[in-house]
Amino acid sequence: MVILGCMLPAVTRAQQKQRTYCNPINIDYGYTPIPNFATAGKHRATADPVIVTYKGDYYLFSTNQWGYWWSTDMVNWNFVFRHFLRPEHKVYDDLCAPAAWVQGDTLMVFGSTYGPDFPIWMSTNPKANEWKEAIHKFEPGGWDPAFFSDDDGKLYMYNGSSNQFPLYGAEVYPSTFHLKGYRKEMYLLQPHKYGWQRFGENMDNIFLDPFIEGAWMTKHNGKYYLQYGAPGTEFSGYADGVVVGDNPLGPFKPQPMPFSYKPGGFARGAGHGATYQDKWNNYWHVSTIVLSVKNNFERRIGIWPAGFDKDGTMYCNTAFGDYPMYLPDGKANHAKGAFTGWMLLNYNKPVTVSSTLGGYTANNAVDEDIKTYWSAASAAAGEWIQTDLGHVSTVNAVQINYADQDATFLGKKQDIYHQYKLLYSVDNKNWKVLTDKSNNNTDVPHDYVELSSPVQARFVKLVNVHMPTGKFAVSGLRVFGNGNGAKPGMVKEFVVLRTDKDKRDAWIKWQAVDNAYAYNIYTGIAPDKLYNCIMVHNANQYFFKAMDKDLPYYFTIEAINENGVSQRTPVLKSE
């Protein structure tokens, strides 16, 4: 039982127009529909996302969801249930790694296939789930497809998912959807040159060669940016690279570093995605976040600000990419990111719980690792988890990341929901309601509560009311705001050790800052293009293996604590 002391009436502090969001995005992810993928436990899973803007709204398609989402604001997503494959296809992969594009006044969709008999779908009213076949069988097929409609009316298709073969591209007749000539080779990975393309969690290329997959094309200022995912969806370094050309079918020149890259932090991975523009023409990139615990293909979705600099370099800003970020509301400079400045207040802070199932211990909920989680012994109402911030802090938002423990579902389920209460206290005796979702009727596996006004709190408690399936389990109870104390000092003794043995690799070291819990390492191929960021927790070294062996690299680092961010070190050059 939970004794709540003098609890205020159950009114929410979060009922206002939401200005921020937090990755992984909070959508009602379906469960894997594939029994062989669920032998280690049934679990939510999707990946390979595409967002396109159509008639002023955002449409999100991703793998095996038995439908799609639409949104007016990039935060409140409405699910539309639909099977895009016909009964005779007899596969689990309903719209796997989908392609979506706008052609004229029509939204088009096509799912991955190696065969010749999948349709291309079209709609001018997708909100109402009104679709018809543009072509009954798209005979060329293609796994991980992408279609690009150029501003001259020409249509192109790209596809490929292999650790042996390149991405391919071809022009397609926009009326008949027949290929105009043979497919051409677009790009094959070069892991001998680009370290980040090597397979494996440690980029060591053992076990398998790297995969190239997930094509996407963006046109900007007359240049064509062909994006691709690599080296493997299971790994923290899963990223989207880009090659640039003057023609939609190449030739292309690679940008040396991945443009969408998030190997550190709570939610890792930023590969196989799509780039789109919001209502103010700001660029965003949506891509795949890695879990890979119950199955290699257990994944989520993240959205990050992106753009192009004055030299035409494509970038994606993932710094603090799983902290609260501002939603678009006007023209923005995405090189500066969308981070709110609300810090994580409870990294590895003390946790108490109502019960614990086996080895799924309490601190797993505050260790900033989405792969680990705490589970209560049951799903009963009244099970709870409480985090101690250490001292009274300013709280602006809370993210609740549920985990799958003893889930019973396969495939997409509707009419399921989470219910809970979120409480706060300054003394662990007198409790007030932060938000009460006891009557919530929606599925919110990564719920994010933005407060209409901040509160002062030391303790935050999550109390279960109802779980949609399985035990009450949490991979991340994350409290954001400001600790009301001193920011960390600037990092000292920052060095990058790079030798002739392998120029793709470096050993980065620095002197630990006493009051820091994490560090951001920024790197790039020019001192004013440090577009890649790596968040490192509870360490003063990092093995960086993502470089182009033929180029110098530039580095800087900042220290992070619950009160803010330090000044960055002077930019360091490594030959």
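Every value quoted in this text rests on a predicted model; they were computed, and no experiment measured them.
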Taking the basic N atoms (NZ, or NE/NH1/NH2) and the acidic carboxylate oxygens, is any pair closer than 4.0 Å for Glu234 and Arg299?
no
Are Trp304 and Phe259, when compared by the centres of their aromatic rings, separated by less than 6.0 Å?
no
Counting only N and O atoms by type, is there a donor-acceptor contact under 3.5 Å from the side chain of Ser149 to the main-chain atoms of Leu155?
no
If the threshold is 4.0 Å, N to carboxylate O, is there a salt bridge linking Arg478 and Glu368?
yes
Donor-acceptor contact below 3.5 Å, side chain Asp240 vs main chain Gly273:
yes
Evaluate Thr218 against Phe308 for side-chain contact (heavy atoms from CB on, under 4.5 Å), listing each step before the verdict.
CA-CA 11 Å; Thr218 301; Phe308 299 85; 4.0 Å; yes
Check whether any side-chain N or O of Arg198 sits under 3.5 Å from a backbone N or O of Lys545 as a donor-acceptor pair, and report yes or no.
yes
With rounding to the nearest 0.5 Å, note down the distance linking CG in Asp246 to OH in Tyr224.
9.0 Å
Derivation and outcome, ring pair (Phe, Tyr, Trp, His ring centres under 6.0 Å), residues His466 and Tyr420
CA-CA 7 Å; His466 172 81; Tyr420 64 85; over 10 Å; no
Salt-bridge contact Asp28-Lys412 (side-chain N to carboxylate O under 4.0 Å):
yes
Could you go through Phe61 and Tyr68, starting from their C-alpha distance and side-chain angles, then the distance that decides it, and tell me whether this counts as ring pair (Phe, Tyr, Trp, His ring centres under 6.0 Å)?
CA-CA 5 Å; Phe61 300 84; Tyr68 55 96; 5.1 Å; yes
Centroid separation under 6.0 Å, is that true for the rings of His192 and Tyr194?
no
Looking at the rings of Tyr373 and Tyr402, which for Trp means the six-membered one, are their centres under 6.0 Å apart?
no
Hey, what do you get for NZ (Lys17) to CD (Glu450), rounding to the nearest 0.5 Å?
10.0 Å
State plainly whether the residues Asp447 and Lys437 are in salt-bridge range, i.e. N to O under 4.0 Å.
yes
Are Tyr261 and Tyr238 an aromatic pair by the rule of ring centers under 6.0 Å?
no
Nearest-0.5 Å distance that lies between atom CE in Met217 and atom CZ in Phe147:
13.5 Å
